[in-house]
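Let me begin by presenting the structure, written as structure tokens, before commenting on it.
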Amino acid sequence: MTDFADMIDGYRRFRDTGWSQQRERWDELNEGQSPRVMVIACSDSRVDPAQIFDTSPGEIFVVRNVAALVPPFETNPGHHGVSAALEFAVQVLKVGEIVVMGHGKCGGCKAALSQDLKDAPPGEGGFVHNWISLLDGAREIVTGRYGDQLDREVERAMEQEGVKVSLANLRTFPCVRAKEKSGALKLVGSFFAIADGQLHILDEDGGAFSPA
């Protein structure tokens, strides 16, 4: 198991290899970034987008949170972290694609399905429950299809419905909607299965995920 001391050792290896051997690339990045793709992924330690897509620094702009969720467009006061990152990626960096990546064995999606944290106070699960309430609509779809069944098949269905929720919420942002309509921006739904390392891509017309 890695602790911070191990991470420092990793940093030193990076300085000797990844940084020193790619100085020209890091000098370019020192002047600014111009990623073409934004990835919205889960905070889960097992699903690092940079590793899964085998990208180099500066190639993808990543936002990670519990269950890879995007809240709907809102103008009420508050701290809108995902919305701020989205606005920066679309309006300032002018990314051409946004990829939402859900994943297998997602604890946030499982909690949204089971409602285990429903009555937990803030700091003891309440913050998580409030956040994953964004998946209430997805839960209704899944429970309508499977009833009280709570096996792996149902969890996977919930995880994939979560991707669709984030895509729908992305389209509530005027800047996203306008750029998608003009062809300047493309939205992609994806799902990474930890069990077999397979990435699946959503066909939004048919609603199904298929191996990439």
Side-chain angles (χ1 to χ4, degrees), residues 1-71 79-111 123 127-128 131-132 159 162-163 166-167 170 173 175-176 179 184-202 211-212:
M1 188 67 71
T2 300
D3 58 20
F4 189 64
D6 296 324
M7 292 167 64
I8 291 297
D9 289 338
Y11 156 72
R12 289 174 178 143
R13 290 192 298 273
F14 159 74
R15 284 282 298 177
D16 291 339
T17 57
W19 190 81
S20 62
Q21 294 179 17
Q22 299 184 58
R23 277 302 304 273
E24 185 176 337
R25 174 58 175 161
W26 285 102
D27 286 344
E28 291 176 3
L29 293 175
N30 185 49
E31 299 302 318
Q33 61 171 324
S34 56
R36 298 300 303 137
V37 180
M38 177 183 192
V39 179
I40 298 166
C42 186
S43 299
D44 194 300
S45 62
R46 299 166 292 181
V47 287
D48 178 9
Q51 183 176 33
I52 291 168
F53 294 110
D54 192 23
T55 60
S56 297
E59 291 185 333
I60 57 175
F61 184 79
V62 180
V63 171
R64 300 178 70 175
N65 61 56
V66 173
L69 292 175
V70 176
H79 296 93
H80 303 287
V82 176
S83 302
L86 174 63
E87 182 180 73
F88 183 73
V90 172
Q91 301 289 62
V92 179
L93 297 177
K94 302 187 185 305
V95 298
E97 296 177 290
I98 300 176
V99 177
V100 176
M101 188 179 74
H103 72 93
K105 303 296 181 68
C106 178
C109 289
K110 185 175 182 178
F127 287 129
V128 174
W131 177 248
I132 60 177
E159 291 154 2
V163 172
S166 286
L167 288 171
L170 279 169
F173 286 77
C175 61
V176 171
K179 291 200 172 194
L185 182 65
K186 179 181 179 182
L187 305 187
V188 179
S190 65
F191 173 84
F192 179 75
I194 293 174
D196 60 11
Q198 181 72 61
L199 183 74
H200 300 254
I201 306 299
L202 173 64

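Each residue takes its place number in the sequence, starting with 1. From a predicted model like this one, the values you see are computed outputs, not experimental measurements.
- Atom CG of residue Leu170 and atom CG of residue Leu86 lie 6.0 Å apart, to the nearest 0.5 angstrom.
- Considering all non-hydrogen atoms of both residues, Lys105 and Glu159 come closest at N-OE2, 3.0 Å.
- Relative to the six-membered ring of Trp19, Arg15 meets both conditions, a distance below 6.0 Å and an angle of at most 45° to the axis.
- When side chains are defined from C-beta on, Ile40 does not count as touching Val99, because their heavy atoms never get closer than 4.5 Å.
- No donor-acceptor distance shorter than 3.5 angstrom exists from the side chain of Lys179 to the backbone of Val176, with no hydrogens or angles considered.
- A donor-acceptor pair under 3.5 Å is absent between the side-chain atoms of Glu97 and the main chain of Met38, judged by distance alone.
- In this structure, the side chain of Glu59 engages the main chain of Ser56 through a donor-acceptor pair within 3.5 Å.
- For Asn65, there are no side-chain hydrogen bond (donor to acceptor under 3.5 Å, both in side chains) partners at least two apart in sequence or on another chain.
- In this structure, SG on Cys109 lies 10.5 Å from CG on Asp44, to the nearest 0.5 angstrom.
- Rounding to the nearest 0.5 Å places CG of Leu29 at 9.5 Å from CD of Gln22.
- Taking all atoms of both residues into account, the shortest heavy-atom contact from Trp26 to Gly18 is NE1-O, 3.2 Å.
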Show me, pair by pair, the donor-acceptor contacts under 3.5 angstrom made by side chains of residues 190-201, not counting sequence neighbours?
unit_1: Ser190; atom_1: OG; unit_2: Val100; atom_2: O; d: 3.0
unit_1: Asp196; atom_1: OD1; unit_2: Gln198; atom_2: N; d: 2.9
unit_1: His200; atom_1: NE2; unit_2: Arg156; atom_2: NH2; d: 3.4

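- Across all their heavy atoms, Leu93 and Arg36 have their closest contact at O-NH1, 4.4 Å.
- Thr55 contributes atom OG1, which lies 3.5 Å from atom CD1 of Ile60 (distance to the nearest 0.5 angstrom).
- Within the model, atoms CG of Asp9 and CZ of Phe14 stand 15.0 Å from one another, a figure rounded to the nearest 0.5 Å.
- Across Val66 and Ser43, no two heavy atoms sit closer than the pair N-OG, 3.6 Å.
- The backbone N or O of Cys42 sits less than 3.5 Å from a side-chain atom of Arg64, completing a donor-acceptor pair.
- At most 12 heavy atoms of other shown residues, nucleotides or ligands fall within 6.0 angstrom of atom CZ in Phe127.
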Review point. Yes or no on side-chain contact (heavy atoms from CB on, under 4.5 Å) for Leu185 and Lys94, after CA distance, side-chain angles and deciding distance?
Key: CA-CA 9 Å; Leu185 182 65; Lys94 302 187 185 305; over 6 Å; no
Review point. Can you list the steps and then say if Arg13 with Asp16 is a salt bridge (charged side-chain N to carboxylate O under 4.0 Å, His left out)?
Key: CA-CA 5 Å; Arg13 290 192 298 273; Asp16 291 339; over 6 Å; no
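- In this structure, Phe173 and Val90 have side chains that are not in contact, with every pair of non-hydrogen atoms separated by 4.5 Å or more.
- Residues Met101 and Ile52 meet the side-chain proximity criterion, which asks for heavy atoms closer than 4.5 Å.
- For residues 38-64, the pairs satisfying ring pair (Phe, Tyr, Trp, His ring centres under 6.0 Å) are Phe61-Phe88, with sequence neighbours left out.
- The backbone N or O of Ala68 sits less than 3.5 Å from a side-chain atom of Ser166, completing a donor-acceptor pair.
- For the atom pair CE of Met7 and OG1 of Thr2, the computed distance is 8.0 Å after rounding to the nearest 0.5 Å.
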